[in-house]
Structure formats: structure tokens, C-alpha cells
Amino acid sequence: MKYKVLLIITFLLAFYSTIWSQNYVIRKKIQSLTDQVSTLRLKTDIDKLVGFYNRNTFSDTVSENKGIGAARRWLYSEFVKINNASGGRMKVYYDNFYKKLSERFKNVANEDSIKLVNVIAVIPGTSSERVLIINGHYDSRTYSGTDTESFAPGANDDGSGTIALLELARILSRERFKNTIMLAALIAEEQGLWGAAHLAEQAKNTKMKVEGVIANDMIGNITGGDGKSDNTILRCFSPDPIDSPSRNFALYVNKISDEYFPLLKLKMIFRLDRFGRGGDHLPFIRQGFAGIRLTEPYENYKIQHSSDDTPDNISFEYFTRTTQLNLTVASYWANSPETPEIVSITRDPDYKTILKFTCPEPQINLQGFQVYIRETDSEYWTESIFFPTPKATIENTKGKVYNIALQNRDRDYYIFGLASVNKEGYESIASTYNADR
Ligand SMILES: [Zn+2]
């Protein structure tokens with residue numbers, strides 16, 4: 001008996017020390033990346049972007065130093081420069097498309113349709129086709145959404161989300177990740193999310209394996225128009241229902257941020273967006289992908305969409321941290337394994353709840369599965385249980401069906417989430433299963 005207890009204690013100690021040391025290695029790795037974010041570079045780049053004076057979607061496309069055309073050529077050239085400096089693995093391209101215009105916009109463009117351009121940089125994964133899309137919109141506006149002449153700096157909205165992409169590219173393109181990261185500077189958010197709608201449709205049509213979309217829109221200001229200020233939180237919007245792919249993704253992002261970037265707290269808002277507003281996560285959600293929006297804690301509606309949205313209203317200390325949070329999530333996810341799919345949740349004769357799921361990866365890559373549990377009226381996971389993978393007999397067991405039995409967890413009371421954990425200790429996004437759908 002004594003011997004048995006000792007054996008169990010030794011096993012548990014070995015198990016937890018492995019997890020502890022893996023978490024330590026991951027933490028160190030992430031920190032080595034977040035340490036590289038340069039506040040000075042963020043500032044210089046925001047100034048440069050604001051220098052294009054007016055980035056309205058309908059603004060000048062010919063000038064070298066003014067308007068949307070000059071802005072996108074500069075973004076493209078920055079991505080190319082970054083790529084050249086990091087070994088040329090990134091794929092940098094203009095995503096061109098035409099948009100038919102409504103009567104209102106025809107008068108502005110003097111055309112029936114307009115050529116629009118997203119600027120995209122892809123850091124290809126080494127061994128999977130799964131994609132995380134991080135976007136920001138590089139167009140700006142002033143009071144009038146069709147004013148192509150007045151000063152429309154858009155430093156925060158959404159110079160911040162756009163410039164974060166350049167900084168992410170600089171740091172991430174030097175690394176080798178398993179999964180693919182797409183950095184997308186999108187056009188025409190202010191006209192109706194046109195750039196995002198195009199990219200989302202394209203992703204759907206080409207069956208791109210998009211696991212998550214993060215829309216960074218206004219991630220640099222900390223003070224609201226009512227004087228409220230907070231430089232420690234960043235809002236994370238995700239739509240209902242509570243077990244939607246977007247919500248699962250939001251909880252995943254929240255967990256990574258809590259564990260690996262405690263300098264900033266995500267304030268979870270369980271809604272698609274702010275009242276009456278939209279953002280570049282929405283078109284992706286409409287196409288069936290998981291999407292969230294990251295936005296500063298409080299907004300100043302006098303500054304937003306005006307000539308006052310200038311760099312001096314950005315907290316660059318805060319903007320550095322919001323960029324670092326993106327870097328943390330992207331680099332963690334890019335090493336993560338694929339999500340297991342729950343195929344059924346049943347009750348066995350002993351009243352145990354049986355989760356049946358398919359192994360998403362060769363079993364040799366995985367150390368186990370994390371089961372998350374919460375009651376149906378709870379918004380956050382309250383419990384997690386780790387199940388090591390059974391000893392592999394065949395090397396490749398991708399697609400193999402597993403069962404996990406849970407005692408005292410009547411399926412009708414709970415929401416169950418399931419994630420896989422790879423040998424390096426990275427966890428996948430959790431999947432859920434809803435009997436109603
Ligand atoms: Zn915006």
C-alpha cells in the first residue's frame with residue numbers, strides 16, 4: 001500500500017513538474033518575442049501613416065504622399081522590407097477586388113464601381129494549413145464618411161490596428177511556426193466592412209482553414225470622452241451564443257492572455273460589438289468563422305472620425321502592450337495543435353457522461369486532452385480535467401475515435417469543452433458540442 005501511494009505521488013510530481021517546466025519554456029519564448037516590440041517604432045510608423053493626410057477609401061490613389069493609394073503602397077513596401085530582412089518566407093500581396101457602388105457612393109467616386117485593395121502578409125506555417133487572421137483597417141475618415149480632402153489622421157482608428165500588423169510581421173516573420181498567420185491591412189471598413197467582407201468570402205470559397213480572426217480596431221487610446229481612463233484593460237467582443245465558435249475562441253484568447261501576458265487584462269464583452277457599431281470581425285463570423293474584436297477600454301466620440309484623431313491622443317505605452325498581447329496570442333496559437341471534434345455526448349448505463357471525439361492529430365504529437373466544464377448558466381469554464389493520451393500503439397492515429405468518461409457530470413447540466421495538448425505543452429482552441437444544433 002505504502003509503495004502504491006509513493007508511486008502515485010512520484011507519478012503526479014513528475015507529471016506536474018513536466019507541465020510546470022513546459023509552461024516555463026513557453027512563457028520564456030513568448031517573453032523573448034514581446035520584449036522585441038518597439039514603442040519608438042510604433043510611434044514612427046503611426047506618424048508616417050498619419051502623414052498621408054486623408055485615407056478615405058475614395059481618396060487619392062495616384063499621389064506619392066497623400067491619400068489611400070500612397071498609404072497602401074507604403075504598407076506594402078514595409079511588409080516587403082520586413083520580409084527581405086527576415087529571410088523571405090512571408091508572402092506579401094495586394095488583394096485587389098472591385099466593388100459595385102450604391103447611388104450615394106457613385107457620386108463620390110464618379111464611377112459605378114471602385115477598385116479596392118487589401119494589403120496582406122502571410123507567415124506560412126511549417127506543417128499545417130490552419131490560419132489565424134489578424135486584421136486592422138488602414139482607411140480613415142473624418143466627420144463625413146465621403147470627405148476625401150480634409151485632414152483625417154485616423155491615428156487610433158485604425159492606424160493603431162494597422163501599425164500593430166507591421167510590428168507583428170517584423171517579429172513573427174523571423175520565427176518558425178507550425179501554423180500560418182495572416183496579417184491583413186483592410187480597406188473600406190468605414191464604408192461598410194468591404195475589405196473584410198471580400199477577404200472573408202475568399203477564405204470561405206477557397207476553404208481556408210481559418211481557426212480564428214482578431215480584428216484590432218482602436219487599440220491605442222485609454223481615455224474616454226467622459227474622462228474615464230484605464231491603461232490596464234482591453235475590451236474583447238465576442239457574439240452569443242455562449243458556446244459559439246467565436247465565444248470559444250474569445251475564451252481561448254483570454255486564457256492565453258491571462259497566463260502569458262498579465263500586463264494587460266482582457267475585459268470580456270459578450271456581445272458582437274458596441275451598440276449600433278460594426279467591425280472587421282463581423283464578415284468573418286457571417287461566413288462561419290470564429291471572430292473577435294479587440295478595442296480600447298473607453299472611447300472618445302469627439303476624437304473618433306475627426307481631425308483630432310492624432311498621435312498625441314494615443315498612449316504609446318498602452319499601444320505597446322496591446323501589440324504585445326496580439327503577439328502573445330499569435331505566437332502561442334501558431335504552435336498549437338488542432339482542435340479535437342466532439343462527435344457525441346451520451347450517458348452510459350452507470351450514469352457517466354461519455355464524450356466521444358476524433359483525435360485531430362497523430363497521437364504521437366499529443367500528450368493528452370483537456371476537458372473543460374461549466375454549468376449551462378455560467379459564462380466561463382469553472383473546471384478542467386486533463387486526460388493523458390493512451391499509450392500509442394500505432395504511430396498515426398489521426399482520426400481515431402476516443403471516449404472520455406466523466407463521473408457525476410450529468411450532461412444536461414453542463415457545457416463541455418475539449419482541447420488537445422501537444423507534446424510541447426501548447427493547447428488547442430476548445431471545441432464544444434451543442435445538442436440543439
Ligand atoms: Zn475603426
Side-chain angles (χ1 to χ4, degrees), residues 42 45-46 49-50 52-59 68 71-72 75 99 116-119 133-148 150-166 168 183-200 213-225 234-239 269 271-286 291-311 313-315 318-319 322-323 325-326:
L42 291 175
D45 284 352
I46 288 273
L49 195 63
V50 165
F52 295 109
Y53 203 77
N54 182 311
R55 305 191 307 278
N56 188 289
T57 297
F58 297 101
S59 64
I68 195 76
R72 72 170 163 252
L75 285 170
K99 171 86 185 168
L116 296 171
V117 185
N118 294 321
V119 186
I133 299 179
I134 303 182
N135 71 45
H137 67 88
Y138 72 97
D139 63 314
S140 72
R141 62 171 286 179
T142 179
Y143 297 115
S144 154
T146 52
D147 179 349
T148 58
S150 313
F151 186 39
N156 185 41
D157 185 10
D158 184 28
S160 59
T162 304
I163 294 308
L165 299 177
L166 290 182
L168 290 172
L183 304 168
L186 302 176
I187 184 74
E189 192 271 353
E190 303 291 8
Q191 276 65 43
L193 321 174
W194 295 347
H198 171 74
L199 184 60
V213 178
I214 300 176
N216 285 289
D217 201 346
M218 300 187 290
I219 54 167
N221 166 54
I222 55 172
T223 309
L234 177 66
R235 284 182 294 171
C236 173
F237 290 84
S238 64
I269 310 274
R271 280 180 177 157
L272 175 62
D273 212 316
R274 302 103 76 224
F275 272 76
R277 307 291 292 269
D280 281 344
H281 55 324
L282 173 58
F284 293 92
I285 294 170
R286 281 192 181 137
I292 58 169
R293 176 198 178 111
L294 299 180
T295 297
E296 63 207 16
Y298 303 114
E299 290 168 68
N300 188 321
Y301 304 106
K302 271 207 181 107
I303 290 178
Q304 224 172 76
H305 299 173
S306 86
S307 58
D308 292 328
D309 184 359
T310 50
N313 285 315
I314 287 181
S315 160
Y318 177 73
F319 180 29
T322 56
T323 305
L325 182 128
N326 272 276

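Whatever order the structure lists them in is the order used to number ligands and atoms, beginning at 1.
For Glu189, every N, O or S atom stays at 2.8 Å or more from the Zn ion (ligand 1). Using a cut-off of 2.8 Å, one finds that Asp217 contributes an N/O/S atom close to the Zn ion (ligand 1).
In this structure a side-chain-to-backbone donor-acceptor pair under 3.5 Å is missing from Asp217 to Thr295.
For the side-chain contact (heavy atoms from CB on, under 4.5 Å) test with Pro153, the passing option among Asn313, Leu49, Thr310 is Thr310; the others fail.
A distance of 3.5 Å separates CD1 in Ile68 from CD1 in Ile187, rounded to the nearest 0.5 Å.
For Asp157, the N, O or S atom closest to the Zn ion (ligand 1) goes by the atom name OD1.
By the 4.0 Å N-to-carboxylate-O rule, Arg141 lies too far from Asp147 to be salt-bridged with it.
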